[in-house]
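All remarks here apply to the structure that follows.
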Amino acid sequence: QVQLVESGGGLVQPGGSLRLSCAASGSIFSIYSMGWYRQAPGKQRELVASITRDGMTNYADSVKGRFTIASDNAKNTVFLQLNSLKSEDTAVYYCNVFSDSEYPGGMYDYWGQGTQVTVSS
């Protein structure tokens with residue numbers, strides 16, 4: 001069974017930095033994309049950043065220029081570097097993996113359990 005293990009969350013002051021990591025293990029057929037989502041209390045989950053197996057990246061407007069996503073495809077691992085953190089970045093951050101299926105036209109969607117990022121003085 002596929003598992004996504006996240007690490008790197010914590011408490012940081014405004015303007016500080018964190019680096020999140022997510023390692024996927026188990027029987028993954030072929031990863032299409034990896035990414036990070038976040039959800040703050042009372043708000044919907046939103047895409048923060050994603051990266052495809054070909055290296056194409058996508059960022060939410062609110063984090064462009066501050067966050068950087070990277071991946072190590074050989075290790076099925078994705079990273080998110082969070083710089084210049086603001087209080088509004090406070091949320092639970094979830095790792096996500098989209099995978100191709102062994103069945104033509106199919107796909108799988110995997111989620112981590114989330115890691116808390118709190119930005120406060």
Side-chain angles (χ1 to χ4, degrees):
Q1 186 63 41
V2 174
Q3 290 189 336
L4 275 57
V5 180
E6 301 147 318
S7 63
L11 174 64
V12 64
Q13 294 183 341
S17 298
L18 286 172
R19 187 171 189 254
L20 307 183
S21 300
C22 174
S25 62
S27 184
I28 302 176
F29 183 77
S30 180
I31 292 176
Y32 172 75
S33 67
M34 296 178 285
W36 293 92
Y37 290 71
R38 68 185 181 187
Q39 187 167 24
K43 295 191 175 183
Q44 297 184 28
R45 186 174 299 186
E46 64 174 348
L47 174 68
V48 178
S50 65
I51 183 168
T52 70
R53 60 192 173 198
D54 298 321
M56 181 176 293
T57 59
N58 186 41
Y59 295 92
D61 289 340
S62 60
V63 307
K64 287 181 179 178
R66 299 188 298 120
F67 294 4
T68 303
I69 190 169
S71 63
D72 184 340
N73 291 335
K75 297 181 178 180
N76 289 343
T77 301
V78 63
F79 308 93
L80 185 68
Q81 180 68 41
L82 300 80
N83 295 328
S84 302
L85 283 162
K86 307 174 181 179
S87 60
E88 49 262 49
D89 294 318
T90 296
V92 177
Y93 284 69
Y94 296 91
C95 179
N96 169 257
V97 171
F98 281 179
S99 174
D100 292 327
S101 171
E102 62 268 38
Y103 305 105
M107 63 91 66
Y108 295 116
D109 185 16
Y110 305 105
W111 291 91
Q113 292 184 332
T115 184
Q116 178 72 47
V117 171
T118 302
V119 184
S120 177
S121 60

Any chance you could lay out the side-chain contact (heavy atoms from CB on, under 4.5 Å) test for Val78 and Trp36, step after step, and finish with the verdict? CA-CA 9 Å; Val78 63; Trp36 293 92; 3.9 Å; yes
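- Atoms CG and CD1, from Asn76 and Ile31 in turn, are 3.5 Å apart once rounded to the nearest 0.5 Å.
- In this structure, a donor-acceptor pair under 3.5 Å is absent between the side chains of Asp72 and Thr77.
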For the pair Glu6 and Tyr93, evaluate side-chain contact (heavy atoms from CB on, under 4.5 Å) and give the outcome as yes or no after the intermediate values. CA-CA 9 Å; Glu6 301 147 318; Tyr93 284 69; over 6 Å; no
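- Taken to the nearest 0.5 Å, the OG atom of Ser25 stands 14.5 Å off from the NZ atom of Lys75.
- Counting only distance, with no hydrogens or angles, the side chain of Thr90 and the backbone of Val119 share a donor-acceptor pair below 3.5 Å.
- Between Gln1 atom CD and Gln3 atom CD the span is 7.5 Å, to the nearest 0.5 Å.
- Note: the hydrophobic cluster containing Val2 also contains Val97 (ILVMFWY, side chain heavy atoms under 4.5 Å, direct or indirect links).
- Annotation: side chain of Val5 is not in contact with side chain of Cys22 (no heavy-atom distance under 4.5 Å).
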Does Ser62 form a side-chain contact (heavy atoms from CB on, under 4.5 Å) with Glu88? I'd like the steps, not just the answer. CA-CA 10 Å; Ser62 60; Glu88 49 262 49; over 6 Å; no
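- Taking 4.5 Å as the limit, every side-chain heavy atom of Thr115 sits out of range of all side-chain heavy atoms of Val92.
- Cation-pi geometry between Arg38 and Tyr94 is not satisfied (NZ or CZ under 6.0 Å from the ring centre, within 45° of the ring normal).
- Aromatic ring centres of Tyr37 and Trp111 lie closer together than 6.0 Å.
- Among all heavy-atom pairs drawn from Ser84 and Ser17, the shortest one is N-OG, 4.3 Å.
- Every residue two or more places apart in sequence or in another chain that forms a side-chain contact (heavy atoms from CB on, under 4.5 Å) with Tyr108 is listed here: Ser99, Ser101, Glu102, Tyr103, Tyr110.
- Cluster membership check: Leu80 shares its hydrophobic cluster with Val12, using side-chain heavy-atom separations under 4.5 Å among Ile, Leu, Val, Met, Phe, Trp and Tyr.
- Around the CD atom of Gln113, the shell of radius 6.0 Å holds no more than 12 heavy atoms that belong to other residues, nucleotides or ligands.
- In this structure, the separation between CZ on Arg53 and OG on Ser30 is 4.5 Å, given to the nearest 0.5 Å.
- The number of heavy atoms from other shown groups lying within 6.0 Å of CD (Gln116) is above 12.
- In the hydrophobic cluster analysis, where Ile, Leu, Val, Met, Phe, Trp and Tyr join through side-chain heavy atoms closer than 4.5 angstrom, Ile28 is grouped together with Met34.
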Walk me through whether Asp89 and Lys86 qualify under salt bridge (Lys or Arg N to Asp or Glu O under 4.0 Å). CA-CA 5 Å; Asp89 294 318; Lys86 307 174 181 179; over 6 Å; no
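- For the residue pair Pro14 and Ser121, the shortest heavy atom distance occurs at CD-N, 3.8 Å.
- With a 4.5 Å cut-off on side-chain heavy atoms, Tyr59 and Val48 do not count as touching.
- The two residues Ile51 and Ser71 have their closest heavy-atom pair at CD1-OG, 3.7 Å.
- Nearest heavy-atom pair across Leu4 and Ala24 is CD1-CB, 4.0 Å.
- The nearest pair of heavy atoms linking Gln81 to Leu18 is NE2-O, 3.5 Å.
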Trace of the side-chain contact (heavy atoms from CB on, under 4.5 Å) decision for Met107 with Tyr32: CA-CA 9 Å; Met107 63 91 66; Tyr32 172 75; over 6 Å; no
